[in-house]
Amino acid sequence: MIEAFNSPTNLNPGLARRVFTRMILDLTLGAVFTRALTLSVENVDRNALARGSFLSYGPCQTPVLNLVVQRALERENFKPEKYYTLHIMVDAGGTKLTLNHDGTFKDRQEAEKVLGLVKSRARAKVVIANYKEDFLDPPAPLDTIELERRASRFLNIRPKATLDIAEELYRHGYISYPRTETTIYPPTLNLRQVLLELTHGEHSDYAKALLGMSIKPTRGDSNDGAHPPIYPTRGVTKQELLKYFKNERYWRIYDLVVRHFLATLSPPARVEKQKIVVDVSSHRFSAEGLRIIDEGYLTIYPFERPSEKVLPRVRAGDELSIVKAWVEERETEPPPYLSESELLRLMRKYGIGTDATMQDHIHTNVIRGYFKIRNRQCIPTPLGKAVISVLGKTGNELIDPWFRSRMEKALMEITKGSLSPDDVLFTFKNEARKIYEKFMNRQREVAMELIKALKEALSKTSRRTGGKTT
């Protein structure tokens, strides 16, 4: 901070103009289409919406909902298909090993035909035996979205809760500022000094070990120029932290930040990737395995530890006895609902929201009753599906993630000076105006679909509460 005051740089007014233009667009589009959705329902049935409630649209919120709905529709429209897999078990020097046929079969008879051929042979010939050393690299330094994604995946803590906790930890001096898009440690950050501070906490032994080594931190590919990646600023034991916060989740988030930071300064893990391929009557069967040779960063970062499956040692040309062979009937599986972690990744891909607001857009959809989070999965409600359906019919651009992406690219041109705020406002307001006109021409049709979904939601609530509604 002192160095920043001693070395001031010129401000870029384009950054402020970009932010204010985004605010104007978001407020205008949000207000207009929230009002249109709400009034379309109230003009047909004033009792469809509870007093004081409304149907909201947001230029970030609704494309997020669309991502969730489209995945759910893919899942619902999925038609499973049967297929058949072929497997053999061989004896490799006293170790039983299962290998899988390289292809699958749509027809049972075809699979049984190959099975009969395989069963007629007593031995399988090894054609490939690879045991190759490789490295698993530690993660890049932690930014806001990656903290939220990893807390969701590893700890089952919701993104909004993660950021709320991280901000409390920051305010009390345990971690750095948690709203950042940077994944590169700046040269001004004394990493050894951070390690020295951690020698006083729960992770002291590992921090001391790193201090005795040559440190080469990992680096990502983003730098917002404002804040460094998230890192711990104070070493503390679990008992000390819980004595103050009295909530296990605070420790789990702090522990994740510390372990992630230590992992970025650690050597990679060394593994042996293994593959065995055998031939039986010109049909190939394979098995893959993995053995951890040196845990490296996995010692402190068990979240990414791969499952070990160690294969027996064989050589090309060896002949292995076939113990048994069999066919399994399976079905193709539908895509899963979007997880919060995957949703955050997609939001980043399309440029929906910022590191500080992405979790808010998810949370807004939840409190509006557009989708629910269950077992880390985002599941749309009938109302959420209806909102996407009616907006998709009247103005698909409003729900298309690429529309927001295109808007963000135009806003970036304001920062560069190649577009003025008026240019960007005119372009997107003009597009929104055409969509609004189309919406209003189908207002009653829109209202009926939304009312149906609202009544379905009310009916479900009534059943859950034994007929009592609020």
Side-chain angles (χ1 to χ4, degrees), residues 68 135-170 174-176 178-183 198 201-203 206-207 210 217-218 220 222 229-233 235-238 241-242 245 247-269 271 290 292 295-309 336-349 355-356 358-360 362-363 366 372-379:
V68 170
F135 293 94
L136 301 180
D137 292 325
L142 201 58
D143 65 6
T144 307
I145 301 307
E146 204 56 32
L147 172 62
E148 292 172 349
R149 288 186 67 235
R150 288 173 184 255
S152 176
R153 281 173 54 208
F154 303 148
L155 310 178
N156 195 22
I157 298 177
R158 294 279 315 283
K160 187 176 189 313
T162 293
L163 192 55
D164 288 345
I165 291 169
E167 288 186 330
E168 281 298 300
L169 291 170
Y170 161 69
Y174 292 102
I175 66 172
S176 64
R179 294 179 183 258
T180 175
E181 296 178 3
T182 300
T183 56
L198 293 178
E202 193 84 14
H203 311 85
Y206 195 87
L210 282 180
T218 59
S222 59
I230 305 167
Y231 66 92
T233 53
V236 66
T237 65
K238 181 177 181 179
L241 193 79
L242 292 182
F245 287 107
N247 186 320
E248 180 75 19
R249 293 197 302 176
Y250 282 80
W251 168 255
R252 294 170 71 198
I253 294 296
Y254 172 80
D255 181 61
L256 175 60
V257 170
V258 175
R259 288 180 182 275
H260 195 103
F261 170 76
L262 293 172
T264 64
L265 308 184
S266 299
V271 300
L290 182 137
I292 297 175
E295 294 204 349
Y297 82 97
L298 297 173
T299 304
I300 195 65
Y301 207 69
F303 312 111
E304 291 186 345
R305 183 186 179 89
S307 298
E308 279 193 284
K309 179 188 175 184
Y337 291 109
L338 278 180
S339 67
E340 281 191 280
S341 176
E342 190 179 358
L343 181 55
L344 286 165
R345 180 185 63 78
L346 289 173
M347 291 170 71
R348 169 170 278 176
K349 172 186 173 182
D355 61 300
M358 286 186 189
Q359 42 79 33
D360 287 327
I362 295 175
H363 187 64
V366 172
K372 300 175 181 178
I373 308 293
R374 187 183 303 146
N375 297 327
R376 309 186 197 186
Q377 295 181 312
C378 304
I379 304 172

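For reference, positions follow the sequence shown, starting with 1.
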So, do [X] and [Y] sit near enough that their side-chain heavy atoms are less than 4.5 Å apart?
{"X": "L298", "Y": "P306", "answer": "yes"}
{"X": "M347", "Y": "Q359", "answer": "no"}
{"X": "I157", "Y": "S152", "answer": "no"}
{"X": "T180", "Y": "L142", "answer": "no"}
{"X": "I362", "Y": "K160", "answer": "no"}
{"X": "I230", "Y": "Y170", "answer": "no"}
{"X": "E167", "Y": "R179", "answer": "yes"}
{"X": "P139", "Y": "T218", "answer": "no"}

Next on the checklist: I'd like to know if E202 pairs up with R259 as an ion pair, taking the criterion as any Lys NZ or Arg NE/NH1/NH2 lying under 4.0 Å from an Asp or Glu carboxylate oxygen.
Outcome noted: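 No, this pair does not count.
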
Using atom types as modelled and distance alone, determine if a side-chain donor or acceptor of [X] lies under 3.5 Å from a backbone N or O of [Y].
{"X": "R252", "Y": "L155", "answer": "yes"}
{"X": "T182", "Y": "P229", "answer": "no"}
{"X": "N247", "Y": "R249", "answer": "yes"}
{"X": "T264", "Y": "A140", "answer": "no"}
{"X": "Q377", "Y": "P336", "answer": "no"}
{"X": "S266", "Y": "G296", "answer": "no"}
{"X": "H260", "Y": "Y231", "answer": "no"}
{"X": "T183", "Y": "S222", "answer": "yes"}

Item to check | Whether F245 and Y250 hold their rings parallel, tilted or perpendicular, with breakpoints at 30° and 60° | outcome: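 Parallel.
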
Checklist entry - Can you say whether the rings of Y301 and F154 are parallel (under 30°), tilted (30 to 60°) or perpendicular (over 60°)? => result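 The rings of Y301 and F154 stand perpendicular, inter-plane angle above 60°.
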
Item to check | Residue of the set T162, D164, V258 for which side chain to side chain contact (heavy atoms under 4.5 Å, CB included) holds with I253 | outcome: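 Only match with I253 under side chain to side chain contact (heavy atoms under 4.5 Å, CB included): T162.
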
Contact summary for [X] and [Y], nearest pair of heavy atoms:
{"X": "P268", "Y": "F135", "value": "CG-CD2, 3.9 Å"}
{"X": "E248", "Y": "K238", "value": "OE2-NZ, 3.2 Å"}
{"X": "L265", "Y": "P217", "value": "CD2-CB, 3.6 Å"}

Checklist entry - Just checking, is any N or O donor in the side chain of S176 or T233 under 3.5 Å from an acceptor N or O on the other one? => result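 No, because no side-chain N or O of S176 sits under 3.5 Å from a partner of the opposite role on T233.
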
To the nearest 0.5 Å, tell me how far [X] [atom1] sits from [Y] [atom2].
{"X": "L343", "Y": "R345", "atom1": "CG", "atom2": "CZ", "value": "10.0 Å"}
{"X": "D255", "Y": "L241", "atom1": "CG", "atom2": "CG", "value": "10.0 Å"}
{"X": "H363", "Y": "R158", "atom1": "NE2", "atom2": "CZ", "value": "7.5 Å"}
{"X": "L290", "Y": "E308", "atom1": "CG", "atom2": "CD", "value": "6.5 Å"}
{"X": "I300", "Y": "L210", "atom1": "CD1", "atom2": "CG", "value": "8.0 Å"}
{"X": "E168", "Y": "I165", "atom1": "CD", "atom2": "CD1", "value": "9.5 Å"}

Checklist entry - By salt bridge (Lys or Arg N to Asp or Glu O under 4.0 Å), which residues pair with E146, not counting sequence neighbours? => result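 Checked E146 against salt bridge (Lys or Arg N to Asp or Glu O under 4.0 Å); matches are R149, R150.
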
Item to check | Test log, rule salt bridge (charged side-chain N to carboxylate O under 4.0 Å, His left out), inputs E304 and R153 | outcome: CA-CA 11 Å; E304 291 186 345; R153 281 173 54 208; 5.7 Å; no

Item to check | Test log, rule side-chain contact (heavy atoms from CB on, under 4.5 Å), inputs F261 and L198 | outcome: CA-CA 11 Å; F261 170 76; L198 293 178; 3.9 Å; yes

Item to check | Residue pair E342, R376: steps toward the side-chain contact (heavy atoms from CB on, under 4.5 Å) verdict | outcome: CA-CA 10 Å; E342 190 179 358; R376 309 186 197 186; over 6 Å; no

Next on the checklist: What verdict does the side-chain contact (heavy atoms from CB on, under 4.5 Å) test give for R305 and E295, after you've listed the backbone C-alpha separation in whole Å, the side-chain angles of each residue and the deciding distance to 0.1 Å?
Outcome noted: CA-CA 9 Å; R305 183 186 179 89; E295 294 204 349; 2.4 Å; yes

